[in-house]
Enquirer: 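First the structure, which I've put down as structure tokens, then a few questions once you've had a look.
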There are 2 protein chains.
Amino acid sequence: MHLIKGKEYPCHSSVTMALIGGKWKTVILFHLIEKPLRYNELRKGMQTVTERTLSLQLKTLQEDGIIKRKVFSKKPPLKVEYSLTEFGKTLIPLLTSIANWGDYVTTKFLK
Amino acid sequence: MHLIKGKEYPCHSSVTMALIGGKWKTVILFHLIEKPLRYNELRKGMQTVTERTLSLQLKTLQEDGIIKRKVFSKKPPLKVEYSLTEFGKTLIPLLTSIANWGDYVTTKFLK
DNA sequence: CTGGATCCTAGATGATACTG
DNA sequence: CAGTATCATCTAGGATCCAG
């Protein structure tokens, strides 16, 4: 049993899932591997996500230190860029493994 | 965009998360890597899971073809064993990567 | 021993409209 | 452009009891 930030986890794997689990987090992170992206670029890349959900997911990823938010202009129109932190970059091998297995599944097993 | 069993996924990684995401699935699978386990052995190994939740998670993992259920006795007391299918075994490298990263997180970053 | 039946809560996600 | 506010919904997960 592991205790992190006041929450208990029954297994190392559940720690990971708490940080990158959910419907959208891996998708966001996967898009940010290649290069930093703006809010609207992420939205277009993900299509079916809503503004609110994307916004919330980005916020929790920031709070967990996985991505960082950089503001380039103070007056509208705003320019904001999201990118992986150094900590977030340690996830890259895992993210690619996750995507690769998903790819394997789509091609080999399910239709 | 990928279509599997009538559901849409915006990214390969979200296919994977749909199959092994959630609070308990990776924990269950991680326990089953080493050897098949009975229902109660899983419960004891996971401690904080409830009967209902474990039962439901096992069911969906079966439906997705990741684990299989084998019954050894027909009259109570029942003996049932859960184990990874061949398909489920393709997840082992991913599961260990997930657990390793969680371990890395607990030791290096958070307290 | 296995795990279904019932009831319930909290959190995650969605739709839409609106603001600095 | 980059979000926030509000309301609604959906689902995972938990508590408890009980049956084959």
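Hydrogens, waters and symmetry mates play no part in the numbers below; they use all other heavy atoms, side chains included. Within every chain, numbering begins at 1; the chains are lettered A, B, ... in the order of the sequence lines, protein sequences first and strands thereafter.
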Enquirer: From the set dT13(C), dG20(C), dG3(C), return the single nucleotide nearest to any side-chain atom of Y82(B).
Expert: dG3(C)
Enquirer: Quick check: does any side chain N or O of S73(A) sit under 3.5 Å from a backbone N or O of P77(A), one acting as donor and the other as acceptor?
Expert: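 Indeed, once roles are kept as given, a pair shorter than 3.5 Å links the two residues.
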Enquirer: Ignoring hydrogens and angles, does a donor from either the side chain of R52(B) or the base of dG4(C) sit under 3.5 Å from an acceptor on the other?
Expert: no
Enquirer: F87(B) vs Y104(A) aromatic rings, parallel, tilted or perpendicular, using cut-offs 30° and 60°?
Expert: tilted
Enquirer: Please state whether the phosphate of dG14(D), meaning OP1 or OP2, lies under 4.0 angstrom from any side-chain nitrogen or oxygen of T53(B).
Expert: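 It does, given that an N or O in the side chain of T53(B) lies less than 4.0 Å from OP1 or OP2 of dG14(D).
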Enquirer: With the side chain of T50(A) defined as its heavy atoms from C-beta on, choose the nearest nucleotide among dG3(C), dG14(C), dA2(D).
Expert: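 It is dG14(C).
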Enquirer: In whole Å, what is the span from the CD atom of Q47(A) to the P atom of dA15(C)?
Expert: 14 Å
Enquirer: Output the rounded distance in Å from CG (L58(A)) to C1' (dC1(D)).
Expert: 14 Å
Enquirer: Establish whether I92(B) and L19(B) are linked, either directly or via other cluster members, by ILVMFWY side-chain heavy-atom contacts under 4.5 Å.
Expert: yes
Enquirer: Measuring to OP1 and OP2 of dC1(D), would you say a side-chain N or O of R38(A) lies under 4.0 angstrom away?
Expert: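 R38(A) to dC1(D) OP1/OP2: no side-chain N or O under 4.0 Å.
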Enquirer: Provide, to the nearest angstrom, the distance between the CG atom belonging to L61(B) and the C1' atom belonging to dG3(C).
Expert: 16 Å
Enquirer: Identify, between K44(B) and L56(B), the residue whose nearest nucleotide on DNA chain C lies closer to the 5' end.
Expert: K44(B)
Enquirer: Please evaluate residues W101(A) and T90(B) with respect to the criterion side-chain hydrogen bond (donor to acceptor under 3.5 Å, both in side chains), reporting the C-alpha separation (whole Å), side-chain torsions for both, the decisive distance (0.1 Å), and the verdict.
Expert: CA-CA 8 Å; W101(A) 191 80; T90(B) 66; 3.0 Å; yes
Enquirer: Given dG4(C), is OP1 or OP2 found less than 4.0 Å from the side-chain N or O atoms of S55(B)?
Expert: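 For dG4(C), OP1/OP2 do have a side-chain N/O of S55(B) under 4.0 Å.
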Enquirer: Rounding to a whole Å, what distance do you find between K79(A):NZ and dA2(D):C1'?
Expert: 14 Å
Enquirer: Rounding to an integer number of Å, can you tell me how far E8(A) CD sits from dG14(D) C1'?
Expert: 15 Å
Enquirer: Considering only side-chain heavy atoms of P77(B), which listed nucleotide, dG3(D), dC1(C), dT4(D), is closest?
Expert: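 Nearest listed nucleotide: dC1(C).
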Enquirer: Is any side-chain nitrogen or oxygen of R69(A) closer than 4.0 Å to OP1 or OP2 of dG3(D)?
Expert: yes
Enquirer: Atom CD of Q57(B) and atom C1' of dT11(D): how far apart are they, to the nearest Å?
Expert: 11 Å
Enquirer: Can you tell which of dG4(C), dA17(C), dG14(C) lies closest to the side chain of K59(B)?
Expert: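 Nucleotide nearest to K59(B)'s side chain: dG4(C).
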Enquirer: In whole Å, I'd like the distance from the CD1 atom of I67(A) to the C1' atom of dA2(D).
Expert: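 Answer to the nearest Å: 14 Å.
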Enquirer: Given dA2(D), dG13(D), dG3(C), identify the nucleotide with an atom nearest to the side chain of E51(B).
Expert: dG3(C)
Enquirer: Using atom CD of E41(A) as one end and atom C1' of dG3(D) as the other, report the distance to the nearest whole Å.
Expert: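 To the nearest whole Å, that distance equals 16 Å.
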Enquirer: For the side chain of K23(A), counting heavy atoms from C-beta on, which of dG14(C), dA2(D), dG14(D) is nearest?
Expert: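 Selected nucleotide: dG14(C).
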Enquirer: Any donor and acceptor pair, going by atom type alone, linking the side chain of T85(A) with main-chain N or O of K68(A) inside 3.5 Å?
Expert: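 Judged by distance alone, no pair lies under 3.5 Å.
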Enquirer: Check the phosphate of dA12(C) against W24(A), side-chain N and O only, distance under 4.0 Å to OP1 or OP2. Yes or no?
Expert: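 Answer is no, no contact under 4.0 Å.
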Enquirer: Are E86(B) and K89(B) ion-paired here, with the side-chain N under 4.0 Å from a carboxylate O?
Expert: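 Judged by the 4.0 Å cut-off on N to carboxylate O distance, E86(B) and K89(B) do form a salt bridge.
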